[in-house]
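Protein chains get the first letters and strands the later ones, always in sequence-line order, with residue 1 at the start of each. What you see is a predicted model; the values in this text were computed from it and never measured.
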4 protein chains.
Amino acid sequence: MGGTMDVTKQHRRGNTRQRIQDVALGLFAEQGYEKTSLREIAEHLDVTKAALYYHFKTKEEILVSIFDDLTQPILDLIEWGRKQPHTLETKQEIVRRYSETLAGAAPLFRFMQENQAAVRELRVGETFKERMQGLREIIIDPDADLTDQVRCVSAIFTMHAGMFFLQDITADPEAKRKAVLEVATDLVTQAHRGSANA
Amino acid sequence: MGGTMDVTKQHRRGNTRQRIQDVALGLFAEQGYEKTSLREIAEHLDVTKAALYYHFKTKEEILVSIFDDLTQPILDLIEWGRKQPHTLETKQEIVRRYSETLAGAAPLFRFMQENQAAVRELRVGETFKERMQGLREIIIDPDADLTDQVRCVSAIFTMHAGMFFLQDITADPEAKRKAVLEVATDLVTQAHRGSANA
Amino acid sequence: MGGTMDVTKQHRRGNTRQRIQDVALGLFAEQGYEKTSLREIAEHLDVTKAALYYHFKTKEEILVSIFDDLTQPILDLIEWGRKQPHTLETKQEIVRRYSETLAGAAPLFRFMQENQAAVRELRVGETFKERMQGLREIIIDPDADLTDQVRCVSAIFTMHAGMFFLQDITADPEAKRKAVLEVATDLVTQAHRGSANA
Amino acid sequence: MGGTMDVTKQHRRGNTRQRIQDVALGLFAEQGYEKTSLREIAEHLDVTKAALYYHFKTKEEILVSIFDDLTQPILDLIEWGRKQPHTLETKQEIVRRYSETLAGAAPLFRFMQENQAAVRELRVGETFKERMQGLREIIIDPDADLTDQVRCVSAIFTMHAGMFFLQDITADPEAKRKAVLEVATDLVTQAHRGSANA
DNA sequence: GATGAATGAGGCTTCATTCAT
DNA sequence: TATGAATGAAGCCTCATTCAT
């Protein structure tokens with residue numbers, strides 16, 4: 001085997017871990033977590049399944065590592081948000097930056113969105129839920145009336161789902177993101193005004 | 001065999017098919033489609049796996065049958081909507097009735113929402129997509145600007161996700177539904193006004 | 001169900017047993033014994049599987065009944081042959097009549113030919129073997145040299161296989177049968193002459 | 001697990017694939033293709049079913065690999081035959097070498113002979129048919145009269161079936177093969193003479 | 001840093017058969 | 001004369017995982 005190894009294979013030196021993550025995320029997003037087997041990932045990389053186990057202890061750990069790498073910005077965003085006053089400007093800034101973060105890791109969020117059931121019993125499911133909870137605490141005023149709370153929740157997953165549910169609408173992706181951002185900002189703003197008057 | 005069968009099991013009348021659907025939907029919604037095995041469904045019903053195959057040709061067909069039974073109202077709604085003028089009132093009525101339909105088949109829609117990846121390659125996935133497309137055509141004005149189109153899409157899945165994403169907010173379910181409906185109606189209304197002025 | 005039964009079904013009265021045999025033989029010959037399920041047979045007849053069990057005790061018994069019905073002529077032929085002197089004329093007559101019998105129940109013999117493995121452990125397998133043995137005892141002279149014995153065996157299954165192995169050769173079926181018969185007769189004749197001189 | 005594994009099982013070198021083929025062919029020939037389950041093959045080898053799947057993608061592929069390995073000589077023979085003049089000597093030589101090939105892979109040919117129905121829808125079935133066709137084209141003169149064509153076909157499967165149909169005749173196997181070869185050669189010779197005079 | 005070989009669990013599905021009605 | 005409903009056994013196959021090398 002070693003003898004027949006072609007040049008492209010030798011060149012990729014120590015980046016196998018990264019390549020596994022890339023391929024895995026691609027397949028997870030495309031086919032779902034359960035439907036994607038380690039065999040499939042290995043074949044795409046032209047390695048054996050056992051090689052995956054050199055780099056990751058389990059299938060779940062592959063996902064965890066991807067998740068941890070790509071959602072760090074959200075953690076930072078929440079931490080930053082917690083330290084700000086709960087003004088309208090803060091909320092709008094959170095929404096703006098969240099939108100950017102999502103755009104930067106679209107396949108992962110698409111995956112999380114479309115595999116909620118599969119992910120629920122995985123560590124990433126729990127973690128993701130906690131982060132969403134953190135986000136809400138910053139954006140939602142617990143004393144606001146129910147409708148305004150719904151507006152905030154709606155704002156968040158308008159951003160989540162926006163990217164994928166809008167596939168049929170033909171428009172420049174960045175233009176779509178801007179439109180989504182505008183709607184989300186509107187929702188948060190309305191919610192804020194509502195509770196300010198209450 | 002027959003001798004050890006207890007009395008409750010005999011004369012189960014003709015309701016096994018329905019019971020399979022009920023149990024299956026419960027498990028599909030709770031654990032996801034892939035994670036729910038036919039063995040599990042059969043055990044919950046105290047029947048053998050083979051009995052399931054008397055009533056349904058495949059696992060997928062169980063899902064299809066549930067889907068077809070529970071989404072008939074949406075089909076009716078779309079058909080009705082197509083024949084109405086595209087006024088604001090029509091759109092609001094559609095949203096109102098859609099909200100009711102969703103509430104009437106919450107577990108199924110939760111399932112569809114949380115298993116998009118798993119469902120994508122199933123017949124129900126395709127069918128569901130088509131129906132969503134139908135809904136949009138009624139609510140969205142294709143000449144409206146992008147932001148207003150996003151508002152309409154957001155309205156639809158604010159209703160979809162509303163029920164599940166709001167679990168942490170403690171409030172009467174019907175009150176939540178009303179709040180969600182209000183936000184959705186608002187979004188559609190804003191969108192309509194926007195494109196009316198354009 | 002009874003209420004929706006269409007007219008064609010009512011007309012076929014008491015011939016179900018025969019129809020089962022016909023359909024079963026067709027499918028057995030076409031697909032093989034193991035590959036043909038009772039479900040399939042029932043569907044072709046537009047009856048339920050259980051109905052088959054009203055007429056036959058087991059799957060094997062369907063085959064047995066077909067076999068017994070269609071191979072009676074061979075039994076008669078062997079019985080007749082045993083009472084004749086072992087002359088060349090007798091042998092030639094046996095071959096001639098055997099060829100006719102085969103032509104009259106081609107699907108069954110095709111089936112027996114192509115499903116020897118499946119049939120080996122069935123009652124018909126054993127029975128068929130015994131009959132073949134009976135045929136040989138009439139045609140083969142046990143004192144003949146090995147080559148002449150082979151000629152006789154070859155004559156018999158030249159006839160057996162002739163019908164199916166000759167499919168690619170385009171010619172009138174009856175013409176083919178005549179040709180096969182001629183070759184078989186030749187073989188038996190040569191064998192007889194050989195042992196006569198020995 | 002590893003702890004209870006006995007010594008003979010460790011270091012089974014690289015021969016598992018070959019052992020699977022051997023056991024499988026034995027069982028296929030003895031019981032038929034459909035009647036032989038992978039469980040059975042695995043048990044004979046004291047391995048798990050899953051181990052079979054490490055070496056072969058499907059049950060059918062086990063058969064294909066056996067077939068390909070053992071019928072290579074026939075391929076060679078046909079190729080050789082095509083390049084020779086269609087003289088009597090060539091035909092006789094083909095028959096002689098074919099007889100040897102059959103003797104060298106008797107269980108496979110017995111299997112093919114007795115499982116025609118099962119094999120018809122498998123890749124090997126198609127392949128085998130093509131090879132037989134190739135053989136005929138060399139041996140049969142398409143302008144010969146039907147009887148002589150039948151003689152050639154008869155020659156071929158006199159050799160095929162010879163080995164198994166002759167089980168009841170007690171004689172040295174090699175002696176039987178010689179006898180079969182003689183009959184087959186005779187048939188081909190007669191056919192050749194016939195068409196030469198035509 | 002990775003492979004080859006294997007495992008145990010479990011997946012979906014099909015089959016011949018039974019039996020009360 | 002047949003159906004409806006169900007069973008138990010078994011089929012092929014796939015999966016995540018392990019471990020010696």
Please check: side-chain N/O of [X] versus main-chain N/O of [Y], any donor-acceptor pairing under 3.5 Å?
X      : Y      : value
D:E114 : C:E114 : no
A:K49  : A:E40  : no
B:T36  : B:L27  : yes

Between C:M112 and C:L108, is a side chain to side chain contact (heavy atoms under 4.5 Å, CB included) present by the stated rule, with each step listed? CA-CA 6 Å; C:M112 294 301 292; C:L108 175 65; 4.3 Å; yes
Just need the stems in DNA chain E: three or more back-to-back Watson-Crick or G-U pairs, each with both distances under 3.5 angstrom, sorted by first number. E:2-21 with F:2-21
Rounded interatomic separation in angstrom, taking [atom1] from [X] and [atom2] from [N]:
X     : N      : atom1 : atom2 : value
C:I41 : F:dA2  : CD1   : C1'   : 17 Å
C:Q31 : E:dC15 : CD    : C1'   : 14 Å
A:E43 : F:dA16 : CD    : P     : 12 Å
D:Q18 : E:dG4  : CD    : C1'   : 18 Å
C:K35 : E:dA16 : NZ    : C1'   : 16 Å
B:L52 : E:dG11 : CG    : P     : 13 Å
D:D46 : E:dA5  : CG    : P     : 18 Å
D:N15 : E:dA5  : CG    : P     : 10 Å

Near-strand residues of residues 53-61 of chain D, defined as heavy-atom separation under 4.0 angstrom from DNA chain E: D:Y54, D:H55
Would you kindly say whether B:D22 and B:Q18 are connected by a side-chain donor-acceptor distance under 3.5 Å? yes
Specify whether B:F128 and B:F109 have parallel, tilted or perpendicular ring planes, treating 30° as the upper limit for parallel and 60° as the lower limit for perpendicular. tilted
Residue B:K49, side-chain atoms from C-beta onward, closest of F:dA6, E:dA6, E:dT13: E:dT13
Less than 4.0 angstrom between a side-chain N/O of [X] and OP1 or OP2 of [N], yes or no?
X     : N      : value
A:S37 : F:dC15 : yes
D:R39 : F:dG11 : yes
D:T16 : E:dA5  : no

Show the numbers, then the answer: is there a side chain to side chain contact (heavy atoms under 4.5 Å, CB included) between A:L25 and A:L63? CA-CA 8 Å; A:L25 177 53; A:L63 177 57; over 6 Å; no
If you pin B:L38 and A:A51 to their nearest nucleotides in DNA chain E, which one's is more 5'? A:A51
When the nearest nucleotide of DNA chain E is assigned to B:E34 and to B:A50 on a heavy-atom basis, which residue is associated with the more 5' position? B:E34
Check whether any side-chain heavy atom of A:E121 sits under 4.5 Å from a side-chain heavy atom of B:K35, and report yes or no. yes
Scanning both residues in full, the closest heavy-atom pair of B:F28 with B:F111 reads O-CD1, 3.4 Å
